[in-house]
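Values reported hereafter were calculated over all heavy atoms of this structure, with side chains retained and with hydrogens, waters and symmetry mates removed. Just so we're clear, the structure is a prediction, and the values are computed from it rather than from any experiment. Below, chains carry the letters A, B, ... as their sequence lines are ordered, and counting in each starts from 1.
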2 protein chains.
Amino acid sequence: MPSLPSSPSHDGRLPLYHRIRDTLHAEITAHKWKPGEPLPTEAELAKSHGASIGTVRKAVESLVAAGVVERLQGKGTFIRRPDFQSSLFRFFRFAGADGAPRVPESRILKRDETPMPVTVAAAMNLTVGTRAIRLLRLRSFDGKPVLLEEIFLPRDRFKPLLEIDPCEFGALLYPLYEQYCGVLVTSARETLSAEAASPRHAKLLGLETGAPVIVIERVALALDRKPLEWRQSRGPADQFRYHVEIR
Amino acid sequence: MPSLPSSPSHDGRLPLYHRIRDTLHAEITAHKWKPGEPLPTEAELAKSHGASIGTVRKAVESLVAAGVVERLQGKGTFIRRPDFQSSLFRFFRFAGADGAPRVPESRILKRDETPMPVTVAAAMNLTVGTRAIRLLRLRSFDGKPVLLEEIFLPRDRFKPLLEIDPCEFGALLYPLYEQYCGVLVTSARETLSAEAASPRHAKLLGLETGAPVIVIERVALALDRKPLEWRQSRGPADQFRYHVEIR
DNA sequence: TAGTGGTCTAGACCACTCC
DNA sequence: GAGTGGTCTAGACCACTAA
């Protein structure tokens, strides 16, 4: 019999392992433990949640499946340090001569403040008119452009970015967000589409107008799944390749 | 203690639930039960495999995760009847006015016999020079072309297709494969890319030469993961949209 | 050697489906 | 009411890690 339900805010009819999972997830989201830190042992969790080890195990297993924690036999269960590295390597063949992934250089072409465009606000679940920081960013290998990105960030949360010289942004933005704004991207929703390059995009990417271009629209999310960043990336279609398994 | 290992061909050091899963999967692949039929109950499986119910349950759970069986509370565990419907609706926005998915009409432009091209043979793990049936197929809505497909099938397995009038192929090929060749597609590996339409493709699809086109290369697989069909589909990029969740 | 997660047991009771 | 899968228990022993 389930005893001592320890997640008072939940419907008691939910399975116990489900409630334990939700409680743990909420605690992790609230940074009760930092990334890399261990959770309490299964025995401790069982005791503190008034459940058997098997039930706790089932709860933890679903957190593993969700990518929130990681179990290492003989060591413990750890909060996953997100190695979220954008989807570049999933979608584009950016590899060095040895096949190892290569991060393209990055140049900020423009940084300004605007109201969030309607479509962006909608995708991020923000009210229209929220103030935004907009970045226009060109990424390249050895000076050859490969990716053009337009990025919108809610201004209030990302204000510190306005005070840094864009030349010092570096090749990756997400570490910057973490360092200066205390904001951690852990997942994203992306939509792929394709189009013919507009004259402006073609020029910036070094393509012919009308050449096929892949468009990746991304909403980057925090651990609690709140939208943090909206981004649209365009790259030449001939660099693009994506693999799926379906059934 | 694990007792009576019932999967003699396996390394005894593998976990029992793992061996049970593999045994069940092999039996399903060998058509011990037909799609839609129920597996034995958990209690029966536990007895016949000399394991406890919990262990059998873990094995069955992994088959559920792999999409091979389906559990219905109070009813039983059933071999999944594959509703594999190609990836059209995953990749392209083919919907009617009410938003319901719409299957495009299909016309076979050409059917002939050739040796498997090298790249196709490689993708299907066949020896180069295997004889093939090649189909060229145009799919459209109300006469407007939306997808151009080139299909290669190993001739020996699909011989009956050579004796049917291509006009009677119908809108979907996989039911045809099943009916005439006793071959069931249950999953597929696909690779997406994009290119500028060649003059020939553009003409058949009703596009301008050079317009962006999405290319989907598919290897369709049987339940035992043997390649059955190789297919390359091309469609206008403006119809294309694909959604992924990453972390 | 002590402590962790990984596997496994042999039951119990519950929720659901079907007759 | 009989039979199914769904949840849960309270242990056991094993494999692995680290001191």
Side-chain angles (χ1 to χ4, degrees), chain A residues 1-7 10-24 28 33 36-81, chain B residues 1-7 10-24 28 33 36-81:
Chain A
M1 187 202 312
S3 54
L4 296 174
S6 55
S7 179
H10 272 305
D11 184 348
R13 286 169 305 184
L14 250 49
L16 180 53
Y17 76 86
H18 202 132
R19 285 171 358 230
I20 294 176
R21 184 199 63 176
D22 291 348
T23 304
L24 286 175
I28 292 167
W33 307 280
E37 281 186 4
L39 250 58
T41 68
E42 296 185 334
E44 285 166 354
L45 287 175
K47 199 175 169 191
S48 66
H49 287 83
S52 76
I53 287 190
T55 303
V56 165
R57 170 171 288 272
K58 197 161 179 181
V60 173
E61 263 161 14
S62 69
L63 290 177
V64 172
V68 176
V69 301
E70 197 176 6
R71 321 181 72 161
L72 297 176
Q73 177 168 143
K75 297 180 80 172
T77 303
F78 300 85
I79 309 293
R80 235 185 64 156
R81 181 179 299 285
Chain B
M1 187 202 312
S3 54
L4 294 174
S6 55
S7 180
H10 272 307
D11 184 346
R13 287 169 304 184
L14 249 49
L16 181 52
Y17 76 87
H18 204 129
R19 278 158 21 215
I20 294 176
R21 185 199 65 174
D22 291 348
T23 304
L24 287 174
I28 292 167
W33 307 280
E37 281 185 5
L39 249 58
T41 67
E42 296 185 336
E44 285 166 352
L45 286 175
K47 200 174 169 194
S48 67
H49 287 84
S52 76
I53 287 190
T55 302
V56 165
R57 168 170 289 272
K58 198 160 179 183
V60 173
E61 264 160 13
S62 70
L63 290 176
V64 172
V68 175
V69 300
E70 197 174 6
R71 321 181 73 161
L72 297 176
Q73 175 168 142
K75 298 179 81 174
T77 302
F78 299 85
I79 308 294
R80 234 184 65 157
R81 182 179 298 285

Enquirer: Please find the pair of heavy atoms, one from B/Y17 and one from B/T55, that lie closest to each other, and give the distance.
Expert: CB-O, 3.6 Å

Enquirer: State the NZ-CD1 distance between A/K47 and A/I53, to the nearest 0.5 angstrom.
Expert: 12.0 Å

Enquirer: Counting heavy atoms from C-beta on, name the nucleotide in C/dT9, C/dG5, C/dC8 closest to the side chain of B/A51.
Expert: C/dT9

Enquirer: What's the angle between the local helix axes at either end of the helix from C/dT1-D/dA18 to C/dC18-D/dG1, using five pairs per end and rounding to 10 degrees?
Expert: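 Computed angle between terminal axes is 10°.
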
Enquirer: Within the structure provided, determine whether A/L63 and A/T77 are in side-chain contact (heavy-atom separation under 4.5 Å).
Expert: no

Enquirer: Starting at CZ of B/R57, measure out to CD1 of B/I20 and round the result to the nearest 0.5 Å.
Expert: 13.0 Å

Enquirer: Hey, mind stepping through A/L24 and A/L45 against side-chain contact (heavy atoms from CB on, under 4.5 Å) and telling me if it holds?
Expert: CA-CA 10 Å; A/L24 286 175; A/L45 287 175; 4.0 Å; yes

Enquirer: Would you please name every residue forming a salt bridge (charged side-chain N to carboxylate O under 4.0 Å, His left out) with A/R21, sequence neighbours left out?
Expert: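 Here no residue qualifies.
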
Enquirer: Hey, can you pull the residues of residues 72-80 of chain A with a non-hydrogen atom under 4.0 angstrom from DNA chain C?
Expert: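 A/L72, A/Q73, A/G74, A/K75, A/G76, A/T77, in order of number.
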
Enquirer: How many Å lie between NE2 on A/H49 and P on D/dT7, as a whole number?
Expert: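 Those two atoms, NE2 and P, are 18 Å apart.
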
Enquirer: What nucleotide, of D/dC8, C/dG5, D/dG5, holds the atom closest to the side chain of A/R71?
Expert: C/dG5

Enquirer: Compare every heavy atom of B/A46 with every heavy atom of B/S52, then report the nearest pair and how far apart it is.
Expert: C-CB, 3.9 Å

Enquirer: Which of residues 37-44 of chain A sit near DNA chain C, with a heavy atom under 4.0 Å from it?
Expert: A/T41, A/E42

Enquirer: Grab the CD-C1' distance between A/E70 and C/dG6 for me, whole Å please.
Expert: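 Nearest whole value for this atom pair: 16 Å.
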
Enquirer: Among residues two or more places apart or on two chains, list those pairs meeting side-chain hydrogen bond (donor to acceptor under 3.5 Å, both in side chains) that have a residue in residues 59-71 of chain A.
Expert: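 Residue pairs passing side-chain hydrogen bond (donor to acceptor under 3.5 Å, both in side chains), neighbours aside: A/E42-A/R71.
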
Enquirer: Pull out every residue in residues 52-68 of chain A that has a heavy atom closer than 4.0 Å to any atom of DNA chain D, ordered by number, or say none.
Expert: A/S52, A/T55, A/K58

Enquirer: Please report the distance, rounded to the nearest Å, between CG in A/L14 and C1' in D/dT7.
Expert: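 Result: 12 Å.
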
Enquirer: For the pair made of CG in A/L45 and P in D/dT9, what is the distance, rounded to whole Å?
Expert: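 So the CG-P distance, A/L45 to D/dT9, works out to 13 Å.
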
Enquirer: How far apart are the closest heavy atoms of B/W33 and B/P40, and which atoms are they?
Expert: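 For B/W33 versus B/P40, the nearest heavy atoms are CZ2-CD, 3.6 Å.
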
